[in-house]
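So that the names make sense, note that chain A is the first sequence line, chain B the second, and so on, each numbered from 1.
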Number of protein chains: 2
Amino acid sequence: MAATPPAHLSPRKKPRQARAAMTLDAIFEATIQVLLAEGLHRLTTTRVAERAGVSVGTMYQYFPNKQSLLYALNERYLDIVAEKVEKTCRGKHGATTAEMVQALVDAYWQAKTERRDVTRALYRSAVELDNEALIEAFAQRVDAATIAMLASASDGSYVDLHLVNTTLLAVIFGTVRNVFERNLTASMEADIRSQLTTMCLSYLKAASADRAAR
Amino acid sequence: MAATPPAHLSPRKKPRQARAAMTLDAIFEATIQVLLAEGLHRLTTTRVAERAGVSVGTMYQYFPNKQSLLYALNERYLDIVAEKVEKTCRGKHGATTAEMVQALVDAYWQAKTERRDVTRALYRSAVELDNEALIEAFAQRVDAATIAMLASASDGSYVDLHLVNTTLLAVIFGTVRNVFERNLTASMEADIRSQLTTMCLSYLKAASADRAAR
DNA sequence: ACCTGAACACCGTTCAAGT
DNA sequence: ACCTGAACACCGTTCAAGT
């Protein structure tokens, strides 16, 4: 689960009535819409409230400030991505390293591409916040999933699995973000994605204790 | 040189007198200071002006808006990084692939680490802006430098040098950013840096036409 | 050519009042 | 328990006036 956010960013209260839960959903949905339609610097509490059909005061019942709204939005999003990656990893226990890497890169890339406008908007929105806790929680969750997967590989083991795994994830996360921030053609993007897979695989082979022992 | 920024982000005028040049420098310096001391969301035009010892009106003579100030700051910074990478690349023409990769990762990582607080602050500040043009210009400049270097390698050539090179840079840029956004120990960071070098190298070997032909 | 700072429209956040 | 919206302090940006 996501780590508890810093106090000044945590939601004020949870909705206790169905009406309130709907209000919250409307606020999140409105935030995404304003973010996409107007951009981060035009994302104002007034505009979000208006689009959500509530008053500003209502927003402030759930979130102590604007940042915490964006924080919660990113948290939701990362939860979904993490869940997808976890599921993929569980499905590949015992497989070959090649299958694992392929599946991992595909799952992560796919999760980020599904709604690429939202992904981009959230990458940007995250800047305002004290988001280290958020990123760290996400990283550790994925870390656990991929470590367990790699440890079960049928064709290789690593002297320092922890380091290899952290490196692998830093490279995948980083590269995907870098690609998303540039304006590349779809085919160039697809090419890089496939090259990234190749690259991760050749790294794992080079780092494999198994191979070194042969 | 850096590409011309979008009209709404380009500086209003260049300083024509020594006094004005000093004013501009003071504004840039103040911006970095406020960014480091107070963070992005407390970076206000008033605060920057006050710290720079000028009035707000003066700032607006040089920059049409707050974004353009951050744009110019990032431009300056990326120019310095690009220059360092270019110099490193020129120095390795004709060397082995291993030397090149090592030098490239070191140069880039080093440039970003030199003032890591500034690097982090600028990564964050860049979010507000329409910074695609900025990133693209930087990427293309480095791209040209590394392509020329790799093409001169004494021990390998590539079927699709362009793709290999773009992938390599996306991975390096992305990974470095990812590492900077996390809170890792110094030794963990050093380890990842060295692993990244290994990884790039094993990728280049795998992608080398030379080796495939053997 | 360069600088000033009061003025304006707008933003984040609060809180007394409502259902 | 939940929602409202006027009120307040502050922000980005302008522009008439100064040197």
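- The base-pairing partner of dG18(C), taking Watson-Crick or G-U wobble contacts with both distances under 3.5 Å, is dC2(D).
- We find that Arg120(A) and Glu132(B) are joined by a salt bridge, their nearest charged nitrogen and carboxylate oxygen being less than 4.0 Å apart.
- Distances shorter than 4.0 Å separate some side-chain N or O of Thr45(B) from OP1 or OP2 on dG12(D).
- Under the 4.5 Å side-chain criterion, counting only non-hydrogen atoms from C-beta, Asp191(B) is not in contact with Asp160(A).
- Positionally, the nearest nucleotide of DNA chain D for Tyr62(A) lies more toward the 5' end than for the other of Tyr62(A) and Thr46(B).
- The distance between atom CE of Met59(B) and atom P of dC15(D), rounded to the nearest whole Å, is 17 Å.
- OP1 or OP2 of dT13(D) sits under 4.0 Å from a side-chain N or O of Tyr60(B).
- Here Arg42(A) does not reach the OP1 or OP2 of dC11(C): none of its side-chain N or O atoms lies under 4.0 Å away.
- Across all strands shown, the partner of dC8(C) is dG12(D), judged by Watson-Crick or G-U wobble contacts whose two distances both fall under 3.5 Å.
- Ranked by how close their nearest DNA chain C nucleotide is to the 5' end, Pro64(A) and Gln61(B) are led by Gln61(B).
- Taking 4.5 Å as the limit, some side-chain heavy atom of Cys200(A) sits within range of a side-chain heavy atom of Met199(B).
- One atom, NZ of Lys66(B), and another, P of dA9(C), lie 21 Å apart when rounded to the nearest Å.
- For the pair Leu24(B) CG and dA1(C) C1', the computed distance is 14 Å after rounding to whole Å.
- In the set dT4(C), dC11(D), dC2(C), the nucleotide with an atom closest to the side chain of Arg47(B) is dC11(D).
- Atom CD1 in Ile27(A) sits roughly 12 Å away from atom P in dC2(D) (whole-Å rounding).
- Rounded to an integer number of Å, the gap from CD of Glu38(A) to P of dC11(C) is 10 Å.
- The Val56(A) side chain lies nearest to dA6(D) when the options are dA6(C), dA6(D), dC11(C).
- Test Thr113(B), Thr175(B), Asp106(B) against Arg193(B) for side chain to side chain donor-acceptor pair (under 3.5 Å) and you get one pass: Asp106(B).
- Taking both residues in full, the closest heavy atoms of Leu69(B) and Val48(B) are given as CD2-CG1, 4.4 Å, listed atom of the first, atom of the second, then distance.
- At a threshold of 4.0 angstrom between heavy atoms, the contacts of Phe63(B) with the nucleic acid are absent.
- The residues Glu181(B) and Arg177(B) are annotated as salt-bridged, a charged nitrogen and a carboxylate oxygen being separated by less than 4.0 angstrom.
- Between the P atom of dT19(D) and the CZ atom of Arg19(B) lies a distance of 13 Å, rounded to the nearest Å.
- Among the nucleotides dG5(D), dC11(C), dC11(D), the one closest to the side chain of Thr44(B) is dC11(D).
- A straight line from NE2 of His41(A) to P of dC11(D) spans 18 Å, rounded to a whole angstrom.
- Taking 4.0 angstrom as the limit, Thr58(A) places a side-chain polar atom (N or O) nearer than this to OP1 or OP2 of dT4(D).
- Residue Thr23(B) places at least one side-chain N or O under 4.0 Å from the OP1 or OP2 atom of dC3(C).
- When the P atom of dG12(C) is taken as reference, atom CG of Asn65(A) falls 11 Å away, rounded to whole Å.
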